[in-house]
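Excluded from the calculations below are hydrogen atoms, water molecules and symmetry mates; all remaining heavy atoms, backbone and side chain alike, are included. Computed from a prediction, not measured in an experiment: that's the story for all the values here. First the proteins, then the strands, lettered A, B, ... as listed; each starts at 1.
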There are 4 protein chains.
Amino acid sequence: MTSGTVQSDLLAVARREFVEHGYGGASIRSIAQKTGVSLSAMYYHYASKQELLAAMLNVGMDSFEQRVVDEFQAKDPTPTGRLLGYVASLVRFRTLEQEQSQLVQTETRNLEPASLSAYRERQRQSSEPLRQALADGVASGEFRTPFPEDSYRSILGMCNAIAHWYEPGGDLLVEEIVHRYQELALRVVYHRDVASPETDPGT
Amino acid sequence: MTSGTVQSDLLAVARREFVEHGYGGASIRSIAQKTGVSLSAMYYHYASKQELLAAMLNVGMDSFEQRVVDEFQAKDPTPTGRLLGYVASLVRFRTLEQEQSQLVQTETRNLEPASLSAYRERQRQSSEPLRQALADGVASGEFRTPFPEDSYRSILGMCNAIAHWYEPGGDLLVEEIVHRYQELALRVVYHRDVASPETDPGT
Amino acid sequence: MTSGTVQSDLLAVARREFVEHGYGGASIRSIAQKTGVSLSAMYYHYASKQELLAAMLNVGMDSFEQRVVDEFQAKDPTPTGRLLGYVASLVRFRTLEQEQSQLVQTETRNLEPASLSAYRERQRQSSEPLRQALADGVASGEFRTPFPEDSYRSILGMCNAIAHWYEPGGDLLVEEIVHRYQELALRVVYHRDVASPETDPGT
Amino acid sequence: MTSGTVQSDLLAVARREFVEHGYGGASIRSIAQKTGVSLSAMYYHYASKQELLAAMLNVGMDSFEQRVVDEFQAKDPTPTGRLLGYVASLVRFRTLEQEQSQLVQTETRNLEPASLSAYRERQRQSSEPLRQALADGVASGEFRTPFPEDSYRSILGMCNAIAHWYEPGGDLLVEEIVHRYQELALRVVYHRDVASPETDPGT
DNA sequence: CATGAATGAGATTTCATTCAT
DNA sequence: AATGAATGAAATCTCATTCAT
């Protein structure tokens, strides 16, 4: 029922339109048209513009969550390991799913209360691993940041920004970016082994 | 030029509406109404929604530029000093002019080509001091970051994010935030004196 | 394509409004209203005022072309015969489809370039039979006008003017007008048999 | 009071706008702007769009009347002479004052009743000389047209049309056009001396 | 004479959505 | 499962005009 290709095509086109014009500025009509589907057909699959938005945001969230889960299975369970894993997931999401990424950051405000609360909860849960890793690292002494909350926010902030400047065809490979932001993250949490910049913590 | 009261009132209301609903979702009608001005009176001052947006973004830019200039006059001219000064300007802008700040990040995409290019140029110029400070610091050996471009972007990214979580009435004072992000910035550029987290570089 | 009833009703009302107020002065709103159709229903059928105009002009052209074709089938193929036939078609069009007629003359200027060029070409083609008849008549010696181009334009000009003074309920029968303008046309082309005004060339 | 240059500039620009977009489609704002006059200044000179139109049409009428008067002073007072003179006046008006000419034909319908009746009276009067010449010519036997009214209308129609195709910079001299239409007019009235096309009635 | 500011109505067009088929 | 037609509200913007200064 939700496995057809029409839905995903619609979502893809809608994503593009929302990113380009914003939710308010995007037209349901041109989404249908660009997808090559009649307006009524589109309404058959998504009962409203709002539903389209909610579906899109949730698909994005699914995708990000999957990345985090993948990264955390059978990997280094130490706080540092989890921090690096989370950063890797996040960087890959911001680069490999750039549009999805921008959308999630910008259009959440347009969710109606009904969907919004559920979505906020998912957001909170998806950032929990990072929050937890930071707490654990501080507790264990691996991270010596004097303001963990700001370190946390800074890591999110700097990774999120990637979606705004990254260019898919550019000469900077995704994994190189992963590596760099992992290093920067270690510095932002005052990792005890990055006492001096000469030390390379490895990936 | 922007000293009239009708114009600035309109801008203030429009800012709020744009932040809340996005450019596309905001209604020129309700902007006029909430400002207490007739629709046509509004059009007398701003010939289009687009012009309103451009004016707003430029006012925001004026404001930020002023902060940077203020911070750079008769202050520590070393790369480190300039880095810290820039971060201070940016953090204050993101907190004290939060709406302006969010707008600048989100709605630039809605500028039409004509105004966009001019605006992009202003953006470039306004970030030049930070870029320059980083380059100089790397050259002088004060900053030891192995990827200056990413350090630069990370600083902007983490500071920009502040506008999204900062709450004006909260218990975190602006100057405390300034201080913290200055420290984090020093770590992100691999400042030579922050070899170990115990060392506090001071503000 | 133009067989629906809503479309043709809209065209009829629009025609009347355009003739009365001019394209620029006519209101799309009152066209819809007078047709008894909602504004949006109207937009479903004609996507813009411009499209409405183009459709109308083309319908007018269709109608005139049909008249010319009808007149030329199985009729006198001599230059004189064709001249008289064309004049008959034109006079009937100007009288029997007076509104259409006035519109075509006045509102072509409001066509946007896209539709304009196509329309001009149709105009050219529809006047080709007259032009050709004149050329042939001059070549054969039937017409002795020393300036064929001006004779051609004059015939069009004097026939076109009919739409401006003709009154449908008046005491002048259409076929009487046809007859008179055929005679006048013969004089305008210097027909060899109208050497003296006493000679009646017949219809 | 009516001798300033602002008024005539306004009229000239307005004429152009009216010809291009029609009365309803023309904007009083852009007329003022293109004239380089403030909107309020324009309202000082012409109290309404309607007044502007009336002024323009009357100026056009003045101009045409003057031409007719000039042509009739100390010229051949025979019906034929008057016919030729009138045609000359009309052709020169349609070519040398082309815009004026087109306007007069198209935009009269937009005059409000108040000005309209006066204007129609002027129109009637200005065509009186031609009507009279025709009547006299028919009475004297110089013109043998069997339907004087149609000859009259045809002459007007074919001369009026000139404004639509004449190109100021073209290779057809105005006086040559005058000559040709005079000849054609003679044929349209069945002038007794144009019994055969070989006969050139002269100018 | 002239201006800057404002008005209120109305312009055309597009919106998300619905419904009978 | 899908379509063509329609709706009514709202969108942005422009109109001719007025008025206090």
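- Here the side chain of D:Lys49 is nearest to one of F:dT17, E:dT3, F:dA6, namely F:dT17.
- Dashed line: the shortest gap from a side-chain N or O of B:Arg29 to OP1 or OP2 of F:dT12 is not under 4.0 Å.
- The distance from atom CD of D:Gln33 to atom C1' of F:dC15 is 15 Å, rounded to the nearest whole Å.
- E:dC15 atom C1' lies 16 Å from atom CD of A:Gln50, rounded to whole Å.
- Between B:Met42 and C:Ser48, the residue anchored closer to the 5' end of DNA chain E is B:Met42, taking for each the nucleotide with the nearest heavy atom.
- Contact check for B:Ile31 versus B:Leu52: side-chain heavy atoms found under the 4.5 Å cut-off.
- Considering only side-chain atoms of D:Ile28, the nucleotide from F:dC13, E:dG4, F:dA16 that sits closest is F:dA16.
- Secondary-structure annotation of DNA chain F gives the stems E:2-21 with F:2-21, with a stem taken as at least 3 successive Watson-Crick or G-U pairs whose two distances both fall under 3.5 Å.
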Hey, mind stepping through C:Tyr23 and C:Gln50 against side chain to side chain donor-acceptor pair (under 3.5 Å) and telling me if it holds? CA-CA 9 Å; C:Tyr23 177 77; C:Gln50 180 65 206; 3.2 Å; yes
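- Across the interface with DNA chain F, nearest-nucleotide mapping of D:Ala47 and C:Ala41 shows C:Ala41 to be the residue nearer the 5′ end.
- Between A:Tyr46 atom OH and F:dA1 atom P the separation is 15 Å, expressed in whole Å.
- Taking side-chain N and O atoms only, D:Tyr43 has a distance below 4.0 Å to OP1 or OP2 of F:dT17.
- With no hydrogens or angles considered, no side-chain donor-acceptor pair links A:Ser63 and A:Gln100 at under 3.5 Å.
- Between D:Glu99 and D:Arg16 there is a salt bridge, since at least one side-chain N of the basic residue sits less than 4.0 Å from a carboxylate O of the acidic one.
- Phosphate proximity of F:dT3 to A:Ser38: present, with a side-chain N or O under 4.0 Å from OP1 or OP2.
- Between the CD1 atom of C:Ile31 and the C1' atom of E:dT12 there is a distance of 11 Å, given to the nearest Å.
- Atom pair C:Asp9:CG and F:dA6:P shows a separation of 11 Å (rounding to whole Å applied).
- Taking every side-chain heavy atom of A:Leu39 into account, E:dT17 is the closest of E:dT17, F:dT14, F:dC13.
- Taking only side-chain nitrogens and oxygens, B:His45 never comes nearer than 4.0 Å to OP1 or OP2 of E:dG4.
- For C:Ala163 against C:Gln105, the heavy-atom pair with the smallest separation is CB-NE2, 4.1 Å.
- Within a 6.0 Å radius of CD in B:Gln33, other residues, nucleotides and ligands contribute 12 heavy atoms or fewer.
- In terms of modelled atom types and a separation under 3.5 Å, the side chain of D:Ser30 and the main chain of D:Ser27 share a donor-acceptor contact.
- The side chain of D:Ser27 contributes an N or O atom lying less than 4.0 Å from OP1 or OP2 of F:dA16.
- Nucleic acid contact class of C:Ala26 (heavy atoms, under 4.0 Å, all strands): sugar-phosphate only.
- For F:dA2, neither phosphate oxygen OP1 nor OP2 lies less than 4.0 angstrom from any side-chain nitrogen or oxygen of A:Tyr44.
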